[in-house]
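Every chain is numbered from 1 and lettered A, B, ... according to where its sequence line falls, protein lines coming before strand lines.
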Protein chains: 2
Amino acid sequence: MAGKDNSVNIKGDGAKATGAYHHGDLRAAVIAAGLTRLAEGDGAELGLRALARDVGVSATALYRHFPDKEALLDALADEGLRRLGALQAQAWLKAGGGVAGFKATGIAYVRFAHDEPALFRLSFTRQMPERYTKDAGDGGEVAYNLLRAGVGEALPGVDPDTAALHAWALVHGLAMLILDRRIEWDEAKVAEVVGLTFGGVG
Amino acid sequence: MAGKDNSVNIKGDGAKATGAYHHGDLRAAVIAAGLTRLAEGDGAELGLRALARDVGVSATALYRHFPDKEALLDALADEGLRRLGALQAQAWLKAGGGVAGFKATGIAYVRFAHDEPALFRLSFTRQMPERYTKDAGDGGEVAYNLLRAGVGEALPGVDPDTAALHAWALVHGLAMLILDRRIEWDEAKVAEVVGLTFGGVG
DNA sequence: CTCGAAATGTTTACAGTGACAACATATGGC
DNA sequence: GCCATATGTTGTCACTGTAAACATTTCGAG
């Protein structure tokens, strides 16, 4: 697949737009460019130089905003989790909460993985930063809280911890199997499988 | 040459052992060394040169046996699937078949992921070779057949296709979540979660 | 057995990567 | 207005996968 051109030319979203040396908000621009690349070429191995070129900046400039590549990827992963959480919350509301909302949440999880395979994979593959306690408003916790909330309604008699883990593992497994091409993406099928344990055919 | 060594010295399993130029069965030796490396350093990014050094051979020698690095990784992934299938079959037999055997199969799946995280991840991350039809005796199919066999007994009334997918996704999700440090490895917990859908507490 | 073709391994080299150090330029507080 | 600091650039290094040319061993045909 060719090799050059295509430069996405994602600049900062306004800020200063100095035009020359300084970029305005490079950190945000780099993350945006990274997300774009992840959304387009699935297998393409996101490199620092390509990213810098997208933003129109020298390769080593990125090191002023991220200690190393890992940190950059961590930032992208974090954004991925945030988006996932937002989509799940949205699905929950749209379905009117309750068991139906809970199921919709699960389906949104798998759909996100299907729509943004590279971002989803990155988001979950990143090593947990150790200091990942129960506070901190990063997206992962939002998603997990929704999960805990819904699981009580769907399976009243069961230990909520076990049920939550079951639900999470189920959708995560579906997501990964779809990403890795072990199974095909099929929303109806996903709904059916999720419904097997968590009642409510609706 | 051959002054240093230090290398792990994984040679072929007998063959000729020419001693000098020719290695005997380099392909097998490389795969063995690769599996060893995968089993030891989880995060360590398996490189061609390191692998060649382990085997005591020049880096480019590997290209006589694999078209490129991808092909080598594919071979390792295949071996991983084969081992997974073997462990599952073993677990099934040890539990005496039936529903208990089916559950044991699922637990073995997760345990394998926990015991060999890098190999498990590699095995499932590799792109499917396209020509992955229902024949071919490679490990993946063995595992899937076991799955189909067990699912009928565990959930008599349910569409076996849906049930099989459910079971697979569940254990795969648990495996991936453990690999990515989202949850802790806890065999009892895994058994409990698997038992939630697939009855039989015992 | 001899001999040349094929298989296997080596050396050298190249383009691409993440990262560091030294240097250049813009920004903002005094 | 001036200088400390943040930000961006150029040059370089070690390392990676891999291609090309060369060396050695093995094997089958005469």
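- For D:dG8, the OP1/OP2 oxygens have a side-chain nitrogen or oxygen of A:H65 closer than 4.0 Å.
- Atoms CD (A:E70) and C1' (C:dT17) sit 14 Å apart, rounded to a whole Å.
- Comparing atom distances between the A:Y63 side chain and each of C:dA19, C:dG9, D:dT18 picks out C:dA19 as nearest.
- Taking CZ of B:R126 as the start and CG of B:L73 as the end, the distance is 4.5 Å to the nearest 0.5 Å.
- Mapped onto DNA chain D by nearest heavy atom, A:R64 and B:K69 fall at different nucleotides, with A:R64 at the one closer to the 5' end.
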Residues 187-194 of chain A, side-chain donor-acceptor partners within the protein, below 3.5 Å, at least two apart:
from   : atom 1 : to     : atom 2 : distance (Å)
A:E187 : OE1    : A:R111 : NH1    : 2.7
A:K189 : NZ     : B:T162 : OG1    : 3.4
A:E192 : OE2    : B:T162 : OG1    : 2.8

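- Look at CZ on B:R53: it is 14 Å from P on C:dT11, rounded to the nearest Å.
- The CZ-C1' distance, from A:F66 to D:dT7, rounds to 14 Å in whole Å.
- Annotation: side chain of B:W168 is in contact with side chain of A:R182 (closest heavy-atom distance under 4.5 Å).
- Between B:F120 and B:H172, the ring planes lie tilted relative to each other; the angle falls in the 30° to 60° range.
- Look at CG on A:L51: it is 16 Å from C1' on C:dG16, rounded to the nearest Å.
- Remark: P of C:dT17 and CG of A:L72 are 15 Å apart, rounded to the nearest angstrom.
- Salt-bridge formation is not detected for the pair A:R37/A:E40: no Lys NZ or Arg NE/NH1/NH2 atom is positioned less than 4.0 Å from an Asp or Glu carboxylate oxygen.
- When rounded to the nearest whole Å, the span between CG of A:L26 and C1' of D:dT7 equals 9 Å.
- Using cut-offs of 30° and 60° on the angle between ring planes, the pair B:F198 and B:F102 is perpendicular.
- Atom-to-atom, CG of B:D68 to C1' of D:dT16 comes out at 14 Å; the value is rounded to the nearest Å.
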Atom pairs, N/O to N/O, protein against nucleotides 12-15 of chain C, distance under 3.5 Å?
none

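- Residues B:V171 and B:I107 form no side-chain contact, since every pair of their non-hydrogen atoms from C-beta on lies 4.5 Å or further apart.
- Here D:dA6 presents its P atom at 18 Å from CG of A:L62, a figure rounded to the nearest Å.
- For B:L48, the side-chain atoms get nearest to D:dT18 when compared with the rest of D:dT18, C:dT10, C:dA19.
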